[in-house]
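Naming convention: chains lettered A, B, ... in sequence-line order (proteins, then strands); numbering from 1 in each chain.
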Protein chains: 2
Amino acid sequence: MGRKKITIKDVARESGLALSTVSNALAGKALVRPETRSHVVAVAQKLGYRASIAARTLRSQRSYAIGVLIEDVANPSASAFVRGVEDVVNRAGCTLLLANTDGDLERQVAAMNTLLDRDVDGLVLISQHLADARIREILGGDVPAVLVQRCDPDLDLDYVGGDNSDGILEALRYVHGLGHRRIGFLTGPRVSSSARERLEAFRRGVDELGLEDAESLTYEGRYSLEAGMEAAGFFSGMRRPPTCILASNDMSAIGLIQGLGERGLDVPKDISVVGLDDIELARIKAIDLTTIRLEKRNIGAEAAALLLRRIDTPEAPAARVIVPTKLIVRGTTAPVVSS
Amino acid sequence: MGRKKITIKDVARESGLALSTVSNALAGKALVRPETRSHVVAVAQKLGYRASIAARTLRSQRSYAIGVLIEDVANPSASAFVRGVEDVVNRAGCTLLLANTDGDLERQVAAMNTLLDRDVDGLVLISQHLADARIREILGGDVPAVLVQRCDPDLDLDYVGGDNSDGILEALRYVHGLGHRRIGFLTGPRVSSSARERLEAFRRGVDELGLEDAESLTYEGRYSLEAGMEAAGFFSGMRRPPTCILASNDMSAIGLIQGLGERGLDVPKDISVVGLDDIELARIKAIDLTTIRLEKRNIGAEAAALLLRRIDTPEAPAARVIVPTKLIVRGTTAPVVSS
DNA sequence: TTGTAGGCGTTATCAA
DNA sequence: TTGATAACGCCTACAA
């Protein structure tokens, strides 16, 4: 068990070569003779040499680490996203630094600064606070960054998100085909650009299909079980409740179904519900949720790929990747019954 | 927008003080006059000075980063755990480096080495491969490490885990009280020490309560929805199926219930089922799972606290923290019906 | 209390 | 092709 640290210096001494030669050999540079290189590698191996990433970072200003900022990994769709990011950056030899913000601005600013202090090569973030001056300043600096799910027209950055319009529109057409004309929408927080886009798509769809007034049938919730349950109160309390509700994510859809049930409304007999995400449990019989599938892990992978590309070619024009969605029809939607 | 890097040197020049004074002031050392310090801080602020963590790490051999090794963050109980770790280490000014291994030995070894190359101050790991020589060598080295959920008697390291015996025993007594005498056990993979402990507790409980043969009523699964569904085939295919089954986690319990349902067996009317974890969805009406609550986020927090302590006092004797469990009775358990 | 000098382990530049 | 030497930015004796 080697106690003290073996440095490149030790390898140089042991192999009888110069420091710089060893460094070049280990880095796989073309200018060292193959035999020299293999000798160096052998010695390094024998000595149990391990490169110090801190030293490398200091010298080369490249940390081979990328920072991921999200609200909360404990949220299933966030964790799938993180996983997707890790898959890709790892393959590129990068380590992932994780920061949870709980949506709090101060924590996000602090986390971003810490990440910058660590010389991360890039940042991937799902951020609510794109309008904040401090965040804009960081993002306006020269650290490569890609925005996920939430973007901002003033920020000329790479972006990856789900196809918000398409999914909503597809779902809307589907339930329209089922005979629904009075359709509710449980939207996400207004600060989320994805939520805004979906709301926009919902309104467009309502117009296009000639459905009833979208405005009064919209309820703003957060992306949580509780929010869904609250929304159930709102919708069921209406003079004429909608016959179908589109929710902004699966958790709130499930909460909504639960809340509706507590108020004596059966899904899908009385009201149809559509979720968004397609979390693992959506497919079990007890839940059996009709939902708009959005592969968060893919989004993470796309975001990571975009970031790596940007790190390589910083001057490339900002890209915008839209990950497609797909309607998965299960048991929470049914033809409307005329009462 | 400051382009080039501001170093401590710039702050020194600008404030007319010496490098070391600035360093000390910024580090909050007692030996600089308060007024000097505030002046330094002001100048640093004005210049937009940001400390280089890489440089600090190189110099001080302390990275203020800790590595977390898990199989897959996308797994809900893993992500809750990671969140718990982050909460605590973050408060201590540390950044979290995340590595997913998917349970693969090679990836785990590679990830651990990378983390070590980054001079992490410590490691938290949920590892299946504690018996592997390379892993033992790393763990036997001098990087502070805490083991989670899986431990190994030969490794003298800090450990945090759920109270495996207690939870199982409590559940067993509860269903025994409901009249169940023939109880199945859906265990986790044999490589997991937690799974082994739970199996052990199950057998002890079966003995203690004078229940039917534990051996033939045990099925080894993985911790997944699919594994639960497979187990349903095993249990329902028995000549005399159990009247109650304890599962090793909620996901497999839910899969089990689903699989049982597909085979015409109703839970809890025909068979009772108990899970373990208490994931967020366990409480919704559609699932309503009786389960042994194990707070993964707490486990993460405890692990992080232990690690921080160990980093401070490396020579302290290895600690063993057992996080208590609690039986949450819901709708998947019912009194046995004599047929 | 403040200033000076050296080194942490690499990589990069330039000679040889 | 290989070798010497200077950074990278910070911390910490030690000297003043």
- Inspect the contact between R297(B) and D87(B) and indicate whether a charged nitrogen and a carboxylate oxygen are less than 4.0 angstrom apart.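 Looking at D87(B) and R297(B), the cut-off is met.
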
- Query: So does R50(B) pair up with D119(A), basic N to acidic O under 4.0 Å?
  - Reply: no

- Message: Would you say that Q108(A) contacts Q128(A) through its side chain, given a criterion of any heavy-atom pair below 4.5 Å between the two side chains?
- Response: no

- Under 4.0 Å protein heavy-atom contacts per nucleotide of nucleotides 7-16 of chain C, with B for base, S for backbone only and - for none: BBBBBB----

Does [Y] offer a backbone N or O that forms a donor-acceptor pair with the side chain of [X] under 3.5 Å?
X	Y	value
N24(A)	S20(A)	yes
H129(B)	R134(B)	no
D121(B)	S63(B)	yes
S193(A)	C151(A)	yes

- Neighbour count above 12 (heavy atom, 6.0 Å) for Q45(B) CD: no

- Message: Using a 6.0 Å cut-off, check whether atom OH of Y49(B) has over 12 heavy atoms from anything other than its own residue.
- Response: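 Atom OH in Y49(B) is packed in, count exceeds 12.
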
- Message: What is the distance, to the nearest angstrom, from the CZ atom on R62(B) to the P atom on dC11(D)?
- Response: 13 Å

- Could you state the atom-to-atom distance from CZ of R13(A) to C1' of dA4(D) in whole Å? 17 Å

- Message: At 10 degrees resolution, what angle do the end axes of the helix from dT1(C)-dA16(D) to dA16(C)-dT1(D) form when each is taken over five base pairs?
- Response: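 End-to-end axis angle: 40°.
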
- How long is the span from the CG atom in L125(B) to the CG atom in L139(B), to the nearest 0.5 Å? 5.5 Å

- Under a 4.0 Å heavy-atom cut-off, which of residues 110-122 of chain A touch DNA chain C? none

- Mind checking T57(B) for me? I need base, sugar-phosphate or nothing, with any heavy atom below 4.0 Å counting as a touch.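 Result for T57(B) = nothing.
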
